[in-house]
Number of protein chains: 2
Amino acid sequence: MNVAILGVGTVGCEVANTLIKNKQVISARAGVEITPVIGVVKNLDKNRNVNIPLSDDLNAVIARDDIDVFVELMGGIDEPYNIISKILKNKKPVVTANKAMLAYHRYKLQNLAGDTHFGYEASVAGGIPIIKVLREGLSANHIQKIVGIMNGTSNYILTNMMQKGFHFDEILKKAQELGYAEADPTFDIGGFDAAHKLLILASIAYGVHGDPEDILIEGIENITLDDIYFANEFEFVIKLICVAKRNGNNVELRVHPALIDKNNMIAKVDGVMNGVSVFGDVVGETMYYGPGAGGKATASAVISDLIDIATNSSRPMLGYKKSLEGVNLKLIDSNDIRTKYYFRLKVEDNIGVLAKITNIMSQNNLSIDTFLQKPKKEDEDVATLFFITHTSLERDVKKVFSILEKESYIKAKPFMIRIES
Amino acid sequence: MNVAILGVGTVGCEVANTLIKNKQVISARAGVEITPVIGVVKNLDKNRNVNIPLSDDLNAVIARDDIDVFVELMGGIDEPYNIISKILKNKKPVVTANKAMLAYHRYKLQNLAGDTHFGYEASVAGGIPIIKVLREGLSANHIQKIVGIMNGTSNYILTNMMQKGFHFDEILKKAQELGYAEADPTFDIGGFDAAHKLLILASIAYGVHGDPEDILIEGIENITLDDIYFANEFEFVIKLICVAKRNGNNVELRVHPALIDKNNMIAKVDGVMNGVSVFGDVVGETMYYGPGAGGKATASAVISDLIDIATNSSRPMLGYKKSLEGVNLKLIDSNDIRTKYYFRLKVEDNIGVLAKITNIMSQNNLSIDTFLQKPKKEDEDVATLFFITHTSLERDVKKVFSILEKESYIKAKPFMIRIES
């Protein structure tokens, strides 16, 4: 089976080199030899750690009759989509690691692919075979909920804040030095990377439509050591999580930091690692853990797709050809989300302030489950209050915050974290 | 696709009922309807919570032309093997949850099956799709090591000893009351159930041959609260683990209690749950967690195999048709295992005893990494000593124990636990 690798960066090199290095075990499992016959690059002069022929003529490579499968590792959204569309129209199988493209074009690609193999295991959670698990391993189940930690950069930062007491800015800088965070880290710490992955998983689990712009995405930029203090006091950890959750014919999709009970299995996923918990109506909870990024972990997933193609074992791209649930499930408005909330409020340290706040909350359907006031240093005149609400509506929380923001005794922008139970 | 269920106990009922209840989502993923058309039972008079036709005429059912797939859930070893052999000779696909049969007959079944689909996802770790993960998801990798917690009964007992201070006998009794342990618990707590599962995984990972009698199997019966005390002091947990580990062309397979660093992901698998860590040369460590037993979790796995068959997505049974590694890997003698060891010795509380023991150890190539003497109560005249050795040979440990057993100052049978790092 001859493979062309479109884009020969870190991942592309690892794919080519692993296909060569692990040839024996791969051909035993694939039933045929899988050979990287050509790599396509933009700049032929650049030095690459790879020993396969290279070309900068993408169109010529796509037109080659002797290539059986194309691996797309170029990145981008519309450009790779157009290239892959052209390849699928020729009925040639495609493997990609491109989550951003899939977040926008996955349903069009499923239609275009039809019975042609289309692999994308590497697009979510790196080396964890979560696509295969969800599409095939748990195929007997209605999926009730998915909770994933699917951004290693954010998890590294939060883990270090929790376990070592670093401030956000300090540990972000360290993550950048170590290569765990980009110079512009927004895509990771803002939750956008995780959101792309969540949309892909939600399509397999629910067949639900939606672009990244349609779902709730919040990052970890505003988490402080005050929040960590509270989490520790009440046996929580703080994680950037992706949630896909079904409720009747509605599905909620959201990416945000959350307080999670520290005894929860997903709470134990630390550092740069990824973890995904899947709740099925038959099996219950299963959890999948591993490296979510890196050239080698991603190559492991890309090559497993190639072996699936070689053994003719692929499914329809998203795992189904007719409606999963008989009806089309609907993405709900994020204002309609119901969960428990943690509030952190910086207030004037005066008698009566607490009564005013709780009054505003109760007038807007929020009731308090837990309250904590942080011991104040002598020289401070601002008190830090922490609340946990009973299950509440996102819309009501937003309204309370918009009222509180205008009150004179509120000394900093009110902050909340959702609680995942 | 018409399915016959051979054996309609807890799991068989759940398979039939889930096929009916989740018909929509299953047919969407399978591309066809999967219908349980007949169940075979020994006793037709028994009341069963299932709504499919039943028969007690196994041979008549096997001969039926309208049945596309047979699900074997009868239990036993040679009887189901003979029945499945007959079915495979008719080129009809088979799905089984029968780990004991596979532990003895898996290679013969792979030969018999040839290109006929043979599913056995349910045979290892219940609802966790570990067979699919190992055979397909991680197919790019040489597997370096597998460490599994694959017996829920033992893990429940050890977790409760660690976390709640129960004695072994107390918590075993409680597990029996709760239905987590059988009246005769030997198969679970003796490590035999876990060994069957390990042999299956090792065949997929390494193609290595061996029966349960060929590998090291030790149970948890002799763990005491003294060992728990030591584990807590040194930040270990004690787990019954299955290890498959490659070293050059050798493979070691073993089931035994082990001390594991409590920060290790597999150490966090508590209660009746199962977890399997797989180390691949490309991907690194990935870990899989979920319910390892129970009717529903097992049914989830059985049905995923049926959907694989419906979509024509099965692989060769063990995942390969030619040698995985170019050479046949060899199962090593358990005396040749090298690991670190924890010793618990009850000794006469006299000056000079420690010197005598360490002398015997050093004469037999054992050197000490850590030593602890447990504070003794006033009225005791026996001291408890704990040692951790540097990496040592199993053969040397056995020799030291055979010497120590005969020494007059040793007041109880010396006990050791291997350490998994």
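Letters A, B, ... mirror the listed sequences (proteins, then strands); counts begin at 1.
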**Message:** Using every non-hydrogen atom in the two residues, find where B:P129 and A:G137 come nearest and quote the distance to one decimal.
**Reply:** CB-CA, 3.8 Å

**Message:** Can you give me the closest heavy-atom contact between B:S300 and A:A140, atom names plus distance?
**Reply:** O-CB, 3.8 Å

How long is the straight-line distance from [atom2] of [Y] back to [atom1] of [X], given to the nearest 0.5 Å?
X      : Y      : atom1 : atom2 : answer
B:K321 : A:T311 : NZ    : OG1   : 10.5 Å
B:I128 : A:L138 : CD1   : CG    : 10.5 Å
B:N22  : A:E325 : CG    : CD    : 8.5 Å
B:T286 : A:N274 : OG1   : CG    : 12.0 Å

**Request:** Take A:M265 and B:M287, measure what side chain to side chain contact (heavy atoms under 4.5 Å, CB included) needs, and give me the verdict at the end.
**Result:** CA-CA 12 Å; A:M265 201 63 191; B:M287 202 278 276; 3.6 Å; yes

Side chain, backbone, both or neither: which part of [X] has an atom under 4.5 Å from a heavy atom of chain B?
X      : answer
A:V278 : neither
A:S27  : both
A:K322 : both
A:I204 : backbone

**Message:** Counting heavy-atom pairs under 4.5 Å with chain B, which one of A:N312, A:I34, A:D281 comes out on top?
**Reply:** A:D281

**Request:** Pick whichever of A:P291, A:G126, A:S139, A:P316 has the most heavy-atom pairs under 4.5 Å with chain B.
**Result:** A:S139

**Request:** Kindly say whether B:N141 contributes a backbone atom to a donor-acceptor pair with the side chain of A:R29 at under 3.5 angstrom?
**Result:** yes

**Prompt:** Under the 3.5 angstrom rule, does the side chain of B:Q24 hit a backbone N or O of A:S323 as a donor-acceptor pair?
**Reply:** yes

**Between B:L19, B:L306, B:I303, B:V25, the one whose heavy-atom pairs under 4.5 Å with chain A are most numerous** = B:V25

